[in-house]
Structure formats: structure tokens, C-alpha cells
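Below is one structure, written out as C-alpha cells; the observations come after it.
Every chain is numbered from 1 and lettered A, B, ... according to where its sequence line falls, protein lines coming before strand lines.
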Amino acid sequence: MPLGHELLAQRIQRLREIQALGFQPYGRRYDFTHTIPEIVSRYGDKDAEELNPRVTVRVCGRIHTIRHMGKAGFAHLHQGGERLQIYVRQDSVPETHFRLWRGLDAGDIIGAEGYLFRTRTGELTVHVERLEHLAKTLLNMPEKWHGLEDVETRYRQRYLDLIANLQVRQVFLTRSRVIASFRRQLEARGFLEVETPMMQPLYGGATARPFVTHHNALDMDLYLRIAPELYLKRLVVGGLDRVYEINRNFRNEGISAQHNPEFTMLEFYQAYTDYRGLMDFSEELLRQVAVDATGSTEVEYQGQKLDFGRLRRLSLREAVLEYWEDGERPTPEQLTDPEWLKWRSTRATPGEALQDLFERVAEKHLIQPTIVYDYPVETSPLAKNKPDEPQFVERFEIYAAGMEIANAYTELNDPLEQLRRFQAQLRLREKGDEEAHQMDEDFLRALCYGMPPTAGEGIGIDRLVMVLTNCRSIRDVILFPLLRPEGPIGLAERLRALDGC
RNA sequence: GAGCCGGUAGCUCAGGCGGUAGAGCAUCUGCCUUUUAAGCAGAGGGUCCCGGGUUCGAGUCCCGGCCGGCUCACCA
């Protein structure tokens with residue numbers, strides 16, 4: 001009989017023993033007096049005298065380690081990312097409670113009532129007088145020393161990863177603080193949080209291939225959104241001058257350490273400002289997010305110090321010139337010369353070639369948080385032209401750790417120019433570019449009613465969290481990253497065999 | 001999609017040139033009333049990812065597949 005089965009049989013047997021002792025293997029509510037983090041912060045620095053007269057507490061948590069020693073024993077309970085030791089001795093608890101204690105396993109969730117004391121080695125510990133059983137583990141916990149290291153298991157069974165690896169909990173707490181910080185800051189500046197369609201009859205707002213789904217009752221195909229942009233701008237037309245949305249985008253493209261098919265984006269739009277205004281705003285936002293998430297504007301990423309205290313700013317063309325490596329550095333004029341660009345990229349238009357050049361030459365060097373501004377019009381179908389250089393648009397991206405983490409621009413609000421841009425996209429589409437924009441005539445109609453001058457920005461939450469938590473892979477900041485199915489697990493069958501259900 | 005690396009006990013990992021599969025933790029039994037990677041004595045536990053092939057013999061060599069990681073490509 002394989003161990004997995006034998007162990008499961010033992011644990012199932014133990015359920016009956018717990019019941020026979022008058023406890024419930026899966027208990028009901030437990031009215032604790034303190035969480036374990038509360039105990040630690042309140043009594044963690046109290047010495048033995050300060051714990052007299054006795055402080056009685058009721059605590060609960062999951063057993064992580066358990067040390068049985070004949071007629072007594074110790075265990076560490078975990079709750080809320082903190083741990084607390086409990087001490088159970090035969091002559092301090094009712095007999096059935098001690099028998100319950102003898103049958104407890106690492107992984108079980110229990111409640112313990114007793115008084116606080118310091119052990120010989122000085123560790124704050126609950127001297128238990130009553131136990132309660134709250135949940136039985138039927139499966140073995142990962143090893144106490146190494147924890148759960150298998151990357152695949154960590155992603156597939158994130159619950160186990162969270163139990164075994166406390167740092168993982170920290171990453172997701174930080175992620176939550178990042179999002180809360182954005183909400184707080186946007187709220188404070190009068191931004192309204194909205195929700196726009198995730199299922200869209202036309203997709204747009206970014207260059208990407210969509211997921212397609214189908215609505216049965218309406219018998220129509222729908223696209224999972226690749227961006228909320230066109231809906232958010234409709235709202236600005238409608239007079240919601242400051243709106244934002246934090247939600248998932250879906251892009252049917254490759255998976256990598258920086259790409260998950262669904263990812264979380266903050267998009268916000270502010271009327272009556274432009275991309276220069278958003279540069280200043282972004283700087284403030286990111287500085288405060290870094291502080292709220294990590295306590296400092298400086299964070300360490302893969303051995304390098306990144307400073308969100310101030311964002312460096314340089315134009316896309318300056319970035320290409322600065323990081324040029326191969327052969328003779330081009331002149332600024334050459335970077336806008338279609339003939340020169342044609343020979344330096346396989347892309348069809350001068351603007352695409354220039355951006356291609358930027359991505360190849362400069363992107364990987366942009367380690368410190370940096371604003372890169374003024375992008376070619378060909379790659380930015382929704383952004384407003386620069387008045388003095390119409391082949392460029394008022395657009396910037398923010399880079400950190402060599403990754404693009406934000407994209408912003410002065411929004412194109414001229415419907416006639418928008419129509420021309422859509423037509424240019426349609427021509428690309430006809431040439432087989434699946435990522436080119438579709439014509440969205442309702443969006444065009446909205447612009448025809450007049451959209452105030454507006455600037456908008458999207459910030460990739462996952463990537464920003466990677467940088468702030470020193471994670472190398474986007475899968476480490478997404479609780480359940482997309483994986484191929486693992487195949488049959490076989491647990492249901494084993495449980496059925498053991499329980500006869 | 002391509003290249004490289006990996007998959008061995010519940011977990012973390014060893015297994016030299018092909019010869020009946022190992023450790024620590026966990027589990028079970030006994031001892032142990034302030035331990036903390038508790039300790040001591042004993043025991044059980046394996047579809048070596050799956051399927052073919054070579055061989056007297058395959059965890060090991062070859063081919064195909066599955067799953068994952070990394071690096072590219074694409075992308076944010």
C-alpha cells in the first residue's frame with residue numbers, strides 16, 4: 001500500500017478518534033480573545049513578571065511544528081503570518097483534551113485557551129488549559145525546514161505555498177497595499193472608480209490579440225477586453241472628468257516571466273491636463289505607492305537599488321542615442337530620417353522602426369524608474385500629435401528594471417484625426433496585422449460630441465508589484481497564474497475508497 | 001513557437017561506466033512534564049512522469065509524449 005494511501009487512512013481513522021473523544025474534527029466558531037499577531041505585538045516584549053497576574057487568552061491557528069514529549073509537549077501555531085508557541089501538559093488539561101493533543105498532527109487547526117508564560121529559554125508561550133479541534137488535515141504538510149520549493153506545486157497549490165512559505169504571504173500583502181495606495185491617492189484627487197465591460201463586441205485600446213468567447217442567448221461572439229481605454233474615454237465625454245478602473249485585461253499572446261494572459265491594469269483619465277501633467281502626477285503616485293508598499297522610496301530589485309523618489313525623464317530618441325552600442329552613434333536627425341530608419345529595422349513604417357530600435361537598444365538598460373517620452377504616431381493610434389512634430393505624439397512610458405510598467409498620453413480628442421488613425425489601422429489590418437485596431441464607430445461618435453482635452457495612463461500592477469517585491473517572475477505576484485492542467489489527481493477516488501461514500 | 005535544463009518516498013534531495021532503490025524531515029510503535037531543525041530505540045512507506053526501444057538486465061542509454069523552469073521569439 002503506497003504511503004499516500006496509508007497516511008490518508010490513518011488520518012481518516014483519526015477523524016473518528018477525535019469524534020470519540022467528544023470533539024468535532026471540523027469544528028465550529030471559536031471565539032478567540034486575540035489573534036496571534038495581536039498576542040505577539042502586545043505581549044512579545046513582556047517578561048515573566050509582567051505576565052503575572054496571569055493573562056488568560058484564547059487563540060487559534062494552524063499547527064506548524066509539534067513536539068510530543070511523553071506527558072507534555074509543545075507546538076507552534078501560525079496565524080496571520082505570525083507564530084506562537086503553546087505548551088500542553090497532562091496535569092494541566094482535562095484527560096480527553098490531552099488525548100486529543102496526543103493525536104494532533106502538523107497542519108491541524110486548533111483553538112487553545114490558557115495563560116501566557118515564558119519558557120526556560122524565554123519564549124512567549126501559552127500554557128494550555130483547554131483545547132478545541134477546529135479542522136483536521138488529511139494530507140501531509142511540506143517539510144518544516146525547506147518548506148515547499150517545487151515551483152510547479154507552489155503555483156498549482158497556492159494555498160499550500162501560502163501555508164508553507166511566509167514570504168509568499170508578504171508578497172501578496174504588498175500587492176494589496178499597492179492597489180490600496182493607488183485607490184487612496186486617486187480618491188483623494190477626486191477620481192471616480194468605475195467598471196467598464198470585460199466582454200466587448202469590439203476590442204481596442206491596445207495592440208494585442210484578444211480571447212474570443214460566445215454569448216448563447218444573443219448568439220454573438222464577444223472579445224475579452226484587451227484594454228478598457230475606449231470605454232473610459234466615453235465616460236470622460238459624458239462628463240466624468242476623472243475616472244479610473246483597476247481590473248483585468250486579457251491578451252491572447254505568449255506567456256513569459258513578464259506576461260500572463262490575464263493581468264491587472266490601473267487605467268486613469270484626467271480631463272483638462274496633458275501628458276506633462278501626468279508625468280508629474282505619475283511621479284507622485286509611484287513615490288507614494290513605493291512608500292506605502294515597502295516603507296521607502298528605495299527598493300532593492302535583483303541586487304540593484306531602484307529609487308522611486310524621482311523619475312528620470314528622457315525622450316525616446318534621447319534614449320536610443322544614449323544607449324546606442326553597435327558601431328557609430330546616429331545623429332538626432334537620422335532618427336527621424338525614413339531612409340536611415342528603413343535599413344535599421346524590418347518594420348514597415350519609420351515610426352515603427354524607431355520604436356523597434358528603442359526596444360532593442362535602450363529598454364533593457366532602463367533599470368532605474370524612468371519616463372521615456374515622445375513616441376512615433378504610427379505606434380500610437382489614440383494619442384494626440386505633438387504640435388511642432390506631427391509625426392510624434394504626446395506619449396510617455398515608464399520603465400523600471402528593464403520592464404515597461406506604465407503607458408500614458410495626451411488623448412486624441414479630434415474625431416476627424418481619430419477617423420484617419422482608425423483608417424490607417426484598418427489598412428494595416430488588411431495587410432494581415434491581427435493586432436491593428438478595429439474601427440470603433442461608437443467611440444468615434446462619442447468623440448464627435450466633444451471630449452475635453454484629456455490625458456490618460458495605464459499602469460501594469462503586476463509588473464510594478466514585481467519590482468516592489470523583488471520578484472523575478474510575474475507568476476510570483478499572481479496568486480493563480482495560468483498553467484496547463486495537471487491531469488487527474490486521484491484524490492477523490494482514494495477518499496471514496498476509504499470512506500465508502 | 002524554438003533551444004537548453006529538470007520530473008526518484010508525503011516534502012527536500014542523493015543515486016560515478018547499465019547489475020534487485022537511498023538519506024534527512026514527515027508517518028507508525030515504545031520511552032521521555034520547559035522543548036524549539038527536541039532527543040533515544042525500532043518499523044513501515046516507491047507506477048524512479050508516461051509510452052515504446054536497445055540489452056541477459058534500464059532510475060541510468062535511445063526515440064516519442066506529458067508537465068514545469070530558464071533563455072529566445074511575440075508582447076505590456
So what does [X] hit on the nucleic acid, given a heavy-atom distance under 4.0 Å: a base, only sugar-phosphate, or nothing?
| X | result |
| --- | --- |
| A/Phe263 | base |
| A/Arg463 | base |
| A/Glu397 | nothing |
| A/Asn260 | base |
| A/Arg83 | nothing |
| A/Leu139 | nothing |

Nearest-nucleotide check on RNA chain B, A/Gln90 vs A/Ile405; residue mapping nearer the 5' end is A/Gln90
RNA chain B nearest-nucleotide lookup for A/Met69 and A/Ala72: closer to the 5′ end is A/Ala72
Can you check nucleotides 28-30 of chain B for protein contacts, nitrogen or oxygen pairs under 3.5 Å, and list what you find?
residue	atom	partner	partner atom	Å
B/rC28	OP1	A/Arg14	NH1	3.0
B/rC28	OP1	A/Arg14	NH2	2.5

With 3.5 Å as the limit, what N/O pairs link the protein to nucleotides 1-8 of chain B?
none

* Indicate, yes or no, whether a donor-acceptor pair under 3.5 Å links the base of B/rU27 to the side chain of A/Asn140. => no
Any-strand Watson-Crick or G-U partner of [N], both distances under 3.5 Å:
| N | value |
| --- | --- |
| B/rG59 | none |
| B/rA21 | none |
| B/rA43 | B/rU27 |
| B/rG64 | B/rC50 |
| B/rC70 | B/rG3 |

The side chain of [X] is closest to which nucleotide in this list: [options]?
| X | options | value |
| --- | --- | --- |
| A/Asp150 | B/rC74, B/rU12, B/rU34 | B/rU12 |
| A/Leu148 | B/rU12, B/rU34, B/rG69 | B/rU12 |
| A/Ile474 | B/rC67, B/rU34, B/rA76 | B/rA76 |

Looking at A/Thr153, I'd like to know whether one of its side-chain N or O atoms comes within less than 4.0 Å of OP1 or OP2 on B/rG10. no
* Is the shortest distance from a Lys or Arg side-chain nitrogen in A/Glu397 or A/Arg463 to a carboxylate oxygen in the other one below 4.0 Å? -> no
Quick one: sort the A/Tyr115 and A/His127 rings into parallel, tilted or perpendicular, breaks at 30° and 60°. parallel
**Asked** Where does the angle between the aromatic ring planes of A/Phe443 and A/Phe422 fall among parallel (under 30°), tilted (30 to 60°) and perpendicular (over 60°)?
**Response** perpendicular
| task | Using the P atoms only, state how far B/rA23 lies from B/rC17, rounded to an integer number of Å. | result | 22 Å
In A/Glu132, A/Glu113, A/Glu129, the residue satisfying salt bridge (Lys or Arg N to Asp or Glu O under 4.0 Å) with A/Arg58 is A/Glu113
